[in-house]
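All remarks here apply to the structure that follows.
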Amino acid sequence: MSSPKYKRILLKLSGEVLMGDQQFGIDPAFVAELAQEVKAAKDNGLEICLVIGGGNIFRGMAGAAQGMDRAQADYMGMLATVMNALAMQNALEQLGVQTRVQSAVQMDQVCEPVIRRRAERHLEKGRVVIFAAGVGAPYFTTDSGAALRAAEMRCDALFKGTSVDGVYDSDPKLNSAAKRFETVSYDKVLANNLRVMDASAVALCRDNGIPIVVFSIREKGNLARVLAGEGIQTVVKEEA
Ligand code: UDP
């Protein structure tokens with residue numbers, strides 16, 4: 001396989017991928033498989049920041065739709081992302097990969113707070129840094145958290161691993177003729193409301209020149225292929 005194109009990346013995994021084939025929660029066997037993929041990327045010399053969503057456990061919008069106060073529900077969502085971060089930390093450490101979790105909501109007994117310089121040091125020492133609790137504020141999502149950490153940690157790219165293999169011109173689940181983009185500009189994603197990440201996350205990446213690589217994390221070995229510039233993916237960048 002060709003040498004990696006990137007030195008430091010941010011990998012965003014939606015909470016849903018931790019469910020495996022379950023309808024809810026965390027499937028430890030599947031998390032272990034994901035951890036293998038992360039380890040392979042790290043063994044290839046990459047510095048890795050991880051952000052994991054919480055949608056497999058709780059989403060603030062869902063709570064609000066059922067009558068909860070939105071901010072309160074969002075805090076619950078943030079706590080869900082911490083649970084996922086701890087599950088991933090456990091899986092990685094069982095493979096011998098050193099990690100640190102840094103949470104945007106302080107939780108001293110469980111993990112570190114987000115401290116950029118400390119995170120830098122962890123990366124230098126070869127640790128994977130898992131950023132939990134998104135940006136630490138309600139009305140945001142972990143996509144925005146991922147874009148923020150990618151900018152703050154000066155990552156070369158933001159890899160968004162989901163259950164879809166890229167960005168389409170319409171929803172491939174509803175339209176069998178939907179076309180996948182190889183590359184697409186930030187502005188087109190925003191103007192056409194293509195479902196990649198939240199608009200605020202896309203805008204933050206655009207303003208900081210961080211390419212977003214959208215790919216499916218569900219197939220084994222795909223992260224390594226995508227990191228090598230191979231495999232099925234869509235790259236969101238300035239001029240496509
Ligand atoms: N959340 C939040 N602020 C943040 C990040 C997350 O309030 O900065 C809450 C929000 O309620 C969100 C939930 O945490 O619905 C889980 O995150 P997200 O929906 O991004 O998870 P994913 O869809 O990636 O699994």
Side-chain angles (χ1 to χ4, degrees), residues 9-27 30-31 34 37-38 49-89 91 101-107 110-114 116 119 129-153 158-167 171 173 189 193-205 212-218 223 236:
I9 62 155
L10 188 138
L11 175 62
K12 157 79 207 287
L13 301 177
S14 35
E16 277 173 9
V17 300
L18 271 61
M19 300 192 297
D21 295 324
Q22 299 175 178
Q23 296 299 309
F24 172 83
I26 297 170
D27 177 349
F30 201 77
V31 179
L34 290 171
E37 304 250 337
V38 175
C49 303
L50 261 179
V51 167
I52 306 177
N56 54 322
I57 300 172
F58 195 83
R59 275 210 180 89
M61 292 274 264
Q66 291 176 304
M68 284 188 72
D69 173 70
R70 169 74 192 269
Q72 182 81 345
D74 277 342
Y75 278 112
M76 290 172 64
M78 282 183 253
L79 297 182
T81 73
V82 179
M83 291 174 68
N84 284 338
L86 295 180
M88 181 54 83
Q89 175 172 49
V101 174
Q102 292 200 344
S103 172
V105 171
Q106 215 159 319
M107 233 178 274
V110 193
C111 56
E112 296 178 0
V114 177
R116 185 173 67 86
V129 182
I130 308 172
F131 291 102
V135 305
Y139 295 93
F140 283 94
T141 66
T142 50
D143 281 352
S144 295
L148 172 64
R149 302 302 168 215
E152 202 178 4
M153 300 307 296
L158 193 166
F159 283 76
K160 167 137 173 157
T162 68
S163 37
V164 190
D165 62 2
V167 183
D171 188 342
K173 286 181 192 136
V189 166
N193 204 11
L194 300 175
R195 292 185 357 192
V196 180
M197 298 183 111
D198 303 333
S200 57
V202 174
L204 196 55
C205 286
I212 306 168
V213 183
V214 184
F215 70 103
S216 166
I217 190 82
R218 288 205 174 257
L223 176 62
V236 184

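As the structure lists them, so they are numbered: ligands from 1, and atoms in each ligand from 1.
Here T142 contributes atom OG1 and K12 contributes atom NZ; the two are 3.0 Å apart, rounded to the nearest 0.5 Å. Put simply, SG on C205 and CG on L148 are 10.0 Å apart, with the number rounded to the nearest 0.5 Å.
With a 4.5 Å cut-off on side-chain heavy atoms, M197 and V189 do not count as touching. Counting heavy atoms from C-beta outward, L18 and L34 have side chains that approach closer than 4.5 Å. Within the 4.5 Å cutoff, the side chain of M68 has heavy atoms near those of the M76 side chain.
Using a 4.0 Å cutoff on heavy atoms, M61 does not count as a contact of ligand 1. G136 counts as a contact of ligand 1, since one of its heavy atoms falls under 4.0 Å from the ligand.
Around the CE atom of M19, the shell of radius 6.0 Å holds more than 12 heavy atoms that belong to other residues, nucleotides or ligands. By the 6.0 Å contact criterion, CZ on R195 is open, its count of non-hydrogen atoms from other residues, nucleotides or ligands being 12 or less.
Per-residue contacts place G134 under 4.0 angstrom from the following atoms of ligand 1 (heavy atoms of the residue considered): 4 (C), 5 (C), 8 (O).
For atom 8 (O) of ligand 1, the nearest protein heavy atom (residue, atom name, distance) is V135 N, 2.8 Å. From the protein, the heavy atom lying nearest to atom 1 (N) of ligand 1 is F140 O, 3.4 Å. Among all non-hydrogen protein atoms, the one lying nearest atom 20 (O) of ligand 1 is T142 OG1, 2.5 Å. Atom 21 (O) of ligand 1 has G54 N, 2.9 Å as its closest protein atom, hydrogens excluded (heavy atom only). What sits closest to atom 12 (C) of ligand 1 on the protein, heavy atoms only, is G60 N, 4.0 Å. Nearest protein heavy-atom contact of atom 5 (C) of ligand 1 is T141 C, 3.3 Å. Closest protein heavy atom to atom 3 (N) of ligand 1: A137 O, 2.7 Å. At the top of the distance list for atom 23 (O) of ligand 1, counting protein heavy atoms only, stands R59 NH2, 2.7 Å.
With distances taken over non-hydrogen atoms, the option nearest atom 13 (C) of ligand 1 out of G15, G55, G77 is G77. Of the listed options V51, L18, D74, D74 places a heavy atom closest to atom 11 (O) of ligand 1.
Contact annotation: for Y75 versus ligand 1, there are no heavy atoms closer than 4.0 Å. Only the side chain of K12 comes within 4.0 Å of ligand 1, counting heavy atoms alone; its backbone N, CA, C and O stay farther away.
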- [ ] Step by step, work out the side chain to side chain contact (heavy atoms under 4.5 Å, CB included) result for L50 and M88.
- [x] CA-CA 9 Å; L50 261 179; M88 181 54 83; 3.8 Å; yes
Task: S14/T162 under side-chain hydrogen bond (donor to acceptor under 3.5 Å, both in side chains): CA gap, chis, key distance, verdict - done: CA-CA 6 Å; S14 35; T162 68; 5.7 Å; no
